[in-house]
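Structure, as structure tokens:
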Amino acid sequence: MGSDEEPEIEALARQVEGLQADLADATRQLERFAYVASHDLKEPLRAVTGFARLLEQRHADSLDDSGRMYLGYVLDGAARLGAMIDALLDYSRAARHEVEPGPVDLEDLTRQVVAQLVDGGRGVDAHIELGDLPVVTTDEVLLRAVLRHLLDNALLYTAAGEPASVSVTASTPTAGEGPWTIEVRDRGIGIAPEDQDRAFDLFTRLQSREDYPGNGIGLGLVTTAVQRLGGRVELESTPGEGTVVRVHLPATP
């Protein structure tokens with residue numbers, strides 16, 4: 001390599017480093033905006049929901065059929081907006097969370113997540129099977145978010161009239177070495193081949209809102225959280241048969 005080329009390469013390297021720093025700063029600003037905006041939206045939304053429910057409780061008899069229908073639209077829209085704000089807050093927390101690795105009992109954590117989903121009305125009639133789940137070294141907050149959104153999706157996207165069936169297993173190639181692999185498998189509606197590459201994109205909905213509620217943030221959050229844990233996500237799915245999501249995490253974060 002000639003000496004004349006070295007200054008050009010060094011200048012290009014500095015330019016790349018500057019662009020990377022600018023991108024990182026823009027990402028942090030975007031994450032902060034998402035957190036502040038979604039946090040500040042909670043208060044006026046609570047006011048809208050609260051007064052709409054007061055109107056429903058105290059004056060529903062004074063409303064005609066159209067009035068009650070419109071009020072229902074207000075409450076339904078407020079509920080969907082509230083769910084989206086909560087998901088945005090979860091996403092911004094995952095993006096901003098300071099990773100603190102430690103021992104995590106995967107079985108105990110998964111049972112906690114399942115109990116929360118059942119208490120929330122999801123998966124009450126579902127069959128959820130847990131395999132031999134080990135203690136792993138990772139960040140519990142981010143892993144909890146990953147499991148919650150993966151299990152929530154697995155329970156949600158089940159064919160109408162069919163009971164949900166989900167299993168959670170974990171494995172590692174060799175004892176104490178290599179990446180841990182957490183697998184969440186369902187027997188739901190599956191994902192079409194042409195949609196699988198964008199399934200984890202933020203704000204991407206693959207099903208109509210009328211058929212399945214959701215906001216397209218959950219799997220985007222999973223990707224962000226797993227990347228922050230130093231891992232990766234892969235998906236396999238067959239329409240009408242179900243979906244398998246595998247989360248590969250390093251043995252030592």
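Keep in mind it's a predicted model, so treat the numbers as computed, not measured. Below, each value reflects all heavy atoms present in this structure, side chains not excepted, and no hydrogens, waters or symmetry copies.
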**OP:** Please lay out, stage by stage, how V166 and L155 fare under the test side-chain contact (heavy atoms from CB on, under 4.5 Å).
**Re:** CA-CA 7 Å; V166 183; L155 294 171; 3.8 Å; yes
**OP:** Evaluate the side-chain proximity of L151 to L117: yes if any heavy-atom separation is below 4.5 Å, no if none is.
**Re:** yes
Subject >> Set of residues satisfying side-chain hydrogen bond (donor to acceptor under 3.5 Å, both in side chains) with respect to R144, sequence neighbours excluded >> reply: Q112, E140
Subject >> Cluster check F51, L45: I/L/V/M/F/W/Y, side chain < 4.5 angstrom >> reply: no
**OP:** Could you tell me the separation between the OG1 atom of T110 and the CG atom of L147, rounded to the nearest 0.5 Å?
**Re:** 4.5 Å
Original post:
Who passes side chain to side chain contact (heavy atoms under 4.5 Å, CB included) against A145, sequence neighbours left out?
Top reply: L221
Subject >> Partner of V222 by side-chain contact (heavy atoms from CB on, under 4.5 Å), out of R148, H149, Q227 >> reply: H149
Subject >> Nearest-0.5 Å distance, CG of residue D105 to CG of residue L133 >> reply: 8.5 Å
**OP:** Would you mind listing the cluster partners of V141? Hydrophobic ones only (ILVMFWY), side-chain contacts under 4.5 Å, chaining allowed.
**Re:** none
Original post:
Can you check whether V136 reaches L249 side chain to side chain, under 4.5 Å on heavy atoms?
Top reply: no
Subject >> Test item: L106 and V168 side chains (from C-beta on) under 4.5 Å apart, heavy atoms >> reply: no
Original post:
Which atom names give the shortest non-hydrogen contact between D139 and E100, and what distance separates them?
Top reply: OD2-N, 2.7 Å
Original post:
Looking at side-chain heavy atoms only, is the closest gap between T181 and V247 below 4.5 Å?
Top reply: no
Original post:
Within the distance-only criterion (no hydrogens, no angle test), does the side chain of D186 pair as donor or acceptor with the backbone N or O of S165 below 3.5 angstrom?
Top reply: no
Original post:
Taking only residues two or more places apart in sequence or in another chain, which ones pass side chain to side chain contact (heavy atoms under 4.5 Å, CB included) with V48?
Top reply: V74
Subject >> Nearest heavy atoms of V244 and E183, plus distance in Å >> reply: CG1-CG, 3.4 Å
Original post:
Between L71 and A52, which heavy-atom pair has the shortest distance, and what is it?
Top reply: CD1-O, 3.7 Å
**OP:** Without swapping roles, check the side chain of T49 against the backbone of R46 for a donor-acceptor pair under 3.5 Å.
**Re:** no
Original post:
With the threshold set at 4.0 Å, does a side-chain nitrogen-carboxylate oxygen contact exist between D108 and R111?
Top reply: no
Using distance only, find each side-chain donor-acceptor pair of residues 53-63 under 3.5 Å and give its atom names and separation, not counting sequence neighbours.
none

**OP:** Search all heavy atoms of P103 against all heavy atoms of V135 and return the closest pair with its distance.
**Re:** CB-CG1, 4.1 Å
**OP:** Salt-bridge test for R68 and D64: reply yes if a basic N is under 4.0 Å from a carboxylate O, no otherwise.
**Re:** no
For residues 229-239, which side-chain N or O atoms pair as donor and acceptor with protein atoms under 3.5 Å away, sequence neighbours left out?
unit_1	atom_1	unit_2	atom_2	d
E234	OE2	H248	NE2	3.0
E236	OE2	R246	NH1	3.0
S237	OG	I191	N	2.7
S237	OG	G242	O	3.2
S237	OG	T243	OG1	2.8

Original post:
Which atom pair, heavy atoms only, marks the closest approach of P250 to W180?
Top reply: O-CD1, 4.2 Å
Original post:
So, do V226 and V146 sit near enough that their side-chain heavy atoms are less than 4.5 Å apart?
Top reply: yes
